[in-house]
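Bear in mind that the values here come from a model prediction, so they are computed numbers and not experimental data.
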Amino acid sequence: MKRKRNYTLIVASDAERKLWRISLPSTVIHIVVVLALVGVLTAGTAGFHYGRMLWKVVDYDHVLSENDSFRAENHEYRIQTAQLGEKIDFLETMAKKLIVLTGMNSGIGGFSKENLSQPRPASAGTLPAIDNYNKTVAALEESYRAVEDFASEKALVESARPAFPPVNGYITQGMGRRVDPFNPSATDYHSGVDISAPHGSRVIAPADGTVLFAGMRAGYGNMVVIDHKFGYTTRYAHLSKVNVRAGQRVSRHDIIGYVGNSGRSTGSHLHYEVWLYNRPVNPMKFILPQEQLAARQPQVVPRPR
């Protein structure tokens, strides 16, 4: 019969100078070793899982941080999109107003709010989409500036265009061939219109401009000539008094003189001429409203078939 092995553990104490002997069978020792190994493995496994859990927590925090970053970025995109939308609304509104004011029939630059408000794909909140919106706004701004420049130029042209009669009165003589009032047997060409008005009546500028001449001229008497730019020039003759000087800037409705009978005249009236690109044109086109002018045109009656 095989004899069991025992192991003896000796424990010594320096303080009491004693020895303790513990005798353990090998089976117990084996069990203790196995339990120790199991404990080490368990602790290692627990440590591994704990480390893995810590890594997941760190990764989760990183995901949360990225999510916050994406949320903030998305909020910034929304703000930019809202600002771009407001700018597009403003540009569209101003463009429509300018189109109405300038009488333009076509759109500007081929852009319309309807096209911009179409449903966007899922990538509409991305940086490329924002960049496309910015490009669209830049194009609209450029088109808006073009229309604004056109409107400004048209406004300047309109301010230079004689818009009403320079004096309140009655038109006694139109433009064209007429009998010479000083020689009934002869005819001459009347290059303007005569407007009868009381002596001393105020003569006002019908448009903005610069005075080219103010003084006496043979036949015209006291005379004022105004350059309105864009080819327009006006003349005012037979004045009793001149109220401006050469080189002076005048605005629409400024008083430039007073009705008189100076020069080659048979009574108090204003001789008024309108020149366009150094050629006289009929002042009636600038005195009468367009509907009255059209009413004076001869009507063409179609022949029956």
Legend entry - Within-4.5 Å side-chain heavy-atom neighbours: Tyr236 and His271: no

Legend entry - Six-ring centre of Phe48, Arg52 cation under 6.0 angstrom, axis tolerance 45°: no

Legend entry - Side chains of His228 and Thr233, donor plus acceptor under 3.5 Å: no

Inset, instruction - Heavy atoms only: give me the nearest Tyr277-Phe230 pair and the separation to one decimal. - result: OH-O, 3.7 Å

Legend entry - From Ile256 atom CD1 to Thr234 atom OG1, the distance as rounded to the nearest 0.5 Å: 6.5 Å

Inset, instruction - Check the hydrophobic clustering (I, L, V, M, F, W, Y; side-chain heavy atoms under 4.5 Å; chains of links allowed) and say if Val244 and Phe213 are grouped together. - result: no

Legend entry - Side chain proximity check, Ile226 to Val250, heavy atoms < 4.5 angstrom: yes

Legend entry - Same apolar cluster (I L V M F W Y, side chains within < 4.5 Å links), Ile204/Tyr232: no

Legend entry - Test item: Glu273 and Pro283 side chains (from C-beta on) under 4.5 Å apart, heavy atoms: no

Inset, instruction - Group every Ile, Leu, Val, Met, Phe, Trp and Tyr by side-chain heavy-atom contacts under 4.5 Å, then state whether Leu276 and Met175 land in the same group. - result: no

Inset, instruction - Determine whether Val224 and Leu239 make a side-chain contact, defined as any pair of heavy atoms from C-beta on separated by less than 4.5 Å. - result: yes

Inset, instruction - Measure from the side-chain N and O atoms of Asn261 to the backbone N and O of Gly267, and report whether any donor-acceptor pair falls under 3.5 Å. - result: yes

Legend entry - Shortest non-hydrogen contact between Ala214 and Val242, atoms and distance: CB-CG1, 3.8 Å

Inset, instruction - Could you tell me whether Asp194 and Arg178 have a side-chain N and a carboxylate O separated by less than 4.0 Å? - result: yes

Inset, instruction - Give a yes-or-no answer on whether the side chains of Tyr170 and Thr172 include a donor-acceptor pair shorter than 3.5 Å. - result: no

Inset, instruction - For residues Val259 and Ser240, determine if any side-chain heavy atom of one lies less than 4.5 Å from a side-chain heavy atom of the other. - result: no

Inset, instruction - Please report the closest heavy-atom contact between Ser268 and His199, naming both atoms and the distance. - result: OG-ND1, 3.3 Å

Legend entry - Heavy-atom pair of closest approach, residues Phe286 and Val274: CE1-CG1, 3.6 Å

Legend entry - Non-hydrogen side-chain atoms of Met284 and Ile171 separated by less than 4.5 Å: yes

Inset, instruction - Would you indicate whether the side-chain heavy atoms of His238 and His269 approach each other to under 4.5 Å? - result: yes

Legend entry - Separation between CE of Met223 and CZ of Arg235, rounded to the nearest 0.5 Å: 4.5 Å

Inset, instruction - Check for a donor-acceptor pair, side chain of Asn243 on one end and backbone N or O of Ile255 on the other, with a separation under 3.5 Å. - result: yes

Legend entry - Cluster link Ile287 to Leu270, ILVMFWY, side chain under 4.5 Å: yes

Legend entry - Under 3.5 Å donor-acceptor, Arg252 side chain and Asp208 backbone: no

Inset, instruction - For atom CZ of Arg177, decide whether the heavy atoms of other residues, nucleotides or ligands shown that lie under 6.0 angstrom number more than 12. - result: yes

Legend entry - Residue Asn168 excluded, over 12 heavy atoms near CG under 6.0 Å: no

Legend entry - Arg264, CZ atom: more than 12 neighbouring heavy atoms under 6.0 Å: yes

Legend entry - Residue pair Ile195 / Pro166: nearest heavy atoms and the distance that separates them: CD1-CD, 4.3 Å

Legend entry - His253 and Phe164 aromatic ring geometry - parallel, tilted or perpendicular at 30°/60° bounds: parallel

Inset, instruction - Taking all non-hydrogen atoms of both residues into account, name the closest pair between Ser201 and Val167 and its distance. - result: CB-CG2, 4.1 Å

Legend entry - Tyr220-Leu212 co-clustered via ILVMFWY side chain contacts under 4.5 Å: yes

Inset, instruction - For the residue pair Pro162 and Tyr272, establish whether any side-chain heavy-atom pair is separated by less than 4.5 Å. - result: yes

